[in-house]
Amino acid sequence: MIKLRDLCRNFQVGTETVHALDHVTFDIPDGEYVSIMGPSGSGKSTLLNILGLMDRPSSGTYTLDGVDTSTMTDNELAETRQQQIGFVFQSFHLVPRLTAFENVELPMVLAGDMPSERRERGLQALDGVGLGHRSDHRPSQLSGGERQRVAIARAMVMQPKLLLADEPTGNLDTHSGREIVRIIEQLNSDGLTLLVVTHDPAIGGRASRQLKFIDGRLDQDQRQRESAA
Amino acid sequence: MRFMDCNRMAGGTLSRAPGRTFMMLLATAISVAAVLVLTSLGEAARRYVTDEFRSLGTNLLIVMPGRSETSGMGPGSFISETNRDLTLDDVRAVRRSPNIELAAPVIVGAVAVNRAGLEREVTVFGTIEEFREIRQWTMEIGEFLPNVGMDRAAPLCVVGATIRDELFGNEPPIGQWLRVGDRRCRVTGVLAEQGTAVMIDVDEAVLIPVVMAQQLFNSPGLFRIIMQATSRDSMDAAKRDARRIITERHYGEEDFTVVTQDAVLSTFDGIFGNLTRALAGIASISLVVAGVLIMNVMLVSVSQRTAEVGLLKALGATRQQVIALFLTEALFLASLGGILGIGVGYGVIAVLRGAYPELDFVPPLWAVGGALVTAAACGLFFGILPARRAADLDPIVALTGR
Ligand SMILES: Nc1ncnc2c1ncn2[C@@H]1O[C@H](COP(=O)(O)OP(=O)(O)O)[C@@H](O)[C@H]1O
Ligand SMILES: [Mg+2]
């Protein structure tokens, strides 16, 4: 359960203050499918960074599962990131020298899991995105869509409750993009809370709830009774 | 993060940039090798000098005129003020000590020696047969001043190997006459070649009876009394006896100094030990330089790997984990470089041994261990800054390259 109250994030650029997020207030219950849209520079990424505990708000509160995140230490933030939150980035961010499996394994390595367990869960996660047979391939040997699928496997391998995707289809062709959307929607239907930042109204429109940002303010908050099939 | 995984990740990043890694390994290896080579030079010098002193004889005690406060053979010990001379009677007296096996007087001076028109300046030792026994010199031919003793100026002499070559050439020298200063002496023997020894080059010396030397130099005083204790255990007792006996003879005045071979040895041991340590210290500076190089290269590598570090943090890596990763890398470089350096160092030392077989090049163990530990410590220390810089990276900035 995510709870934002009067959340602001300001950046000081020279003498000017940029209000990237301006008194944002909303709640997201567990398991919800939320799309975040808005023009470039409206604060979507900034919001996702704060929700993902990579950035802290300038003012206001962010409560995650009942815990005020401003009270958490750096190590607690890192641990929460590791255990509860998955990230998918527009440009994949795979480590080029590591194989698909080793990329997926990374979060478990950081968590200190046993190699045998990592093997099992890592291959499972790759199977889940349909890349079990490509586990020994390096990112350079994979297509864009496949890379993003590896990134999703990596984001999901710790079985987080929340998946944050910042324009996950932004670098992909329509076909691959649709495949990615299908995979993450499947995860959502299994109970994962899903937040997707997107420019594409066709993708954004599929979410059960659509947030629209303009100039750092929450402009629209639309719920759909039923997601389009 | 598990220990092995940390090592694997650090090793992975190092092997990905082999050129950079090789450069840092080389820097560390060279400085560790420098420590080894320099300390082995110091150690070789120490061994050379102490071995020379050991070769003076065994269980040696030396009495010299003049009071010296130090136990060693510093310059102070050569200064005699208003001291009574050491005399042949002193030698006779110390022989009464049950702890003293042998005692021989020594007088040293420079005198012109000539034979059949050939003349040269040589060092002349006035002494007796016991001196040869104590010094364990062997004869090439003939005898060493036979039946000379301390009572008469028998016109005899012994020559060193070089002197024999220069003055007699291929002629048999035994029984030949030699003019030593204003005296004529018959050659009784030739000393076997000794090579250069500490202080005394006997190959270029002529040895004559001590009484003749007293007359030649017109002085009864002895340069040294050389004594040999009955055993290693009786060294202290022998020293005590010599001091007591000569002090008594000098009317209660201890105007001379008795040093033991051990004391001299340990003085030189100390001097050269310090020299070796100083060399190690100088060489360690290069380790610090290598550390600074590692630091700079790692700083560059951190800035090249910001995206990766940002990703690790986004995936939940803590500050400590990032620091551990980079420190492991630095430690890897430093210790691997150190081990390589030990190999290189021993290689260079092997070459030195080939070039100078008479010197015993061995890097002291403490230097080998110390160089390794210092290399590792430098790696760790100079890894701290890059590691902290990596840990301080803002994951968002790192990932977006903003
Ligand atoms: N680190 C930063 N420093 C300065 N300004 C920033 C920083 N991050 C974001 N901004 C500004 O905040 C605003 C929102 O940025 P962002 O959240 O990236 O927008 P979006 O993802 O919706 O395109 C923009 O005006 C951007 O320039
Ligand atoms: Mg953005």
Chain A contact via [X] - side chain, backbone, both or neither, heavy atoms under 4.5 Å:
X        : answer
B:Met4   : neither
B:Leu312 : both
B:Arg16  : side chain

Heavy-atom check, side chain of A:Thr25 versus side chain of A:Leu4, under 4.5 Å: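 With C-beta onward as the side chain, the pair stays apart.
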
Between A:Ser42 and A:Asp215, is there a side-chain heavy-atom distance shorter than 4.5 Å?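 The answer is no, as the side chains (C-beta and beyond) never meet within the 4.5 Å cut-off.
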
How about A:Asn75 and A:Thr73: does a side-chain donor come under 3.5 Å of a side-chain acceptor?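 Not at all, the side chains of A:Asn75 and A:Thr73 share no donor-acceptor pair under 3.5 Å.
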
Using a distance-only test with no angle check, is there a side-chain donor-acceptor pair under 3.5 angstrom linking A:Gln12 and A:Thr17?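 Their side chains do contain a donor-acceptor pair, which is all the 3.5 Å distance test asks for.
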
For chain B, find its close neighbours in residues 143-165 of chain A: heavy-atom separation under 4.5 Å, sorted by number, or none.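 The list, in residue order, reads A:Arg154.
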
Quick one: side chains of residues 357-369 of chain B, donor-acceptor pairs under 3.5 Å with protein atoms, not counting sequence neighbours, listed by atom name and distance.
residue: B:Asp360; atom: OD1; partner: B:Arg353; partner atom: NH2; Å: 3.4
residue: B:Asp360; atom: OD2; partner: B:Arg47; partner atom: NH1; Å: 3.0

Name the region of A:Asp55, side chain, backbone, both or neither, that has any atom closer than 4.5 Å to a heavy atom of chain B.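 Contact with chain B is through both the backbone and side chain of A:Asp55.
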
In residues 95-103 of chain A, what donor-acceptor pairs under 3.5 Å come from side-chain atoms, sequence neighbours left out?
residue: A:Arg97; atom: NH1; partner: B:Glu308; partner atom: OE1; Å: 3.2
residue: A:Arg97; atom: NH1; partner: B:Glu308; partner atom: OE2; Å: 3.3
residue: A:Arg97; atom: NH2; partner: B:Glu308; partner atom: OE2; Å: 3.3
residue: A:Thr99; atom: OG1; partner: A:Glu102; partner atom: N; Å: 3.1
residue: A:Thr99; atom: OG1; partner: A:Glu102; partner atom: OE1; Å: 3.4
residue: A:Glu102; atom: OE1; partner: A:Thr99; partner atom: N; Å: 2.9
residue: A:Asn103; atom: OD1; partner: A:Val95; partner atom: N; Å: 2.7
residue: A:Asn103; atom: ND2; partner: A:Val95; partner atom: O; Å: 3.1
residue: A:Asn103; atom: ND2; partner: A:Leu98; partner atom: O; Å: 3.2
residue: A:Asn103; atom: ND2; partner: A:Thr99; partner atom: O; Å: 3.1

Quick one: list whatever passes salt bridge (Lys or Arg N to Asp or Glu O under 4.0 Å) with A:Glu117, sequence neighbours left out.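 A:Glu117: salt bridge (Lys or Arg N to Asp or Glu O under 4.0 Å) contacts with A:Arg121.
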
Start with the C-alpha distance between B:Asp394 and B:Lys313, add both sets of side-chain angles, then the distance that settles salt bridge (Lys or Arg N to Asp or Glu O under 4.0 Å), and finish with yes or no. CA-CA 9 Å; B:Asp394 180 343; B:Lys313 294 184 93 177; over 6 Å; no

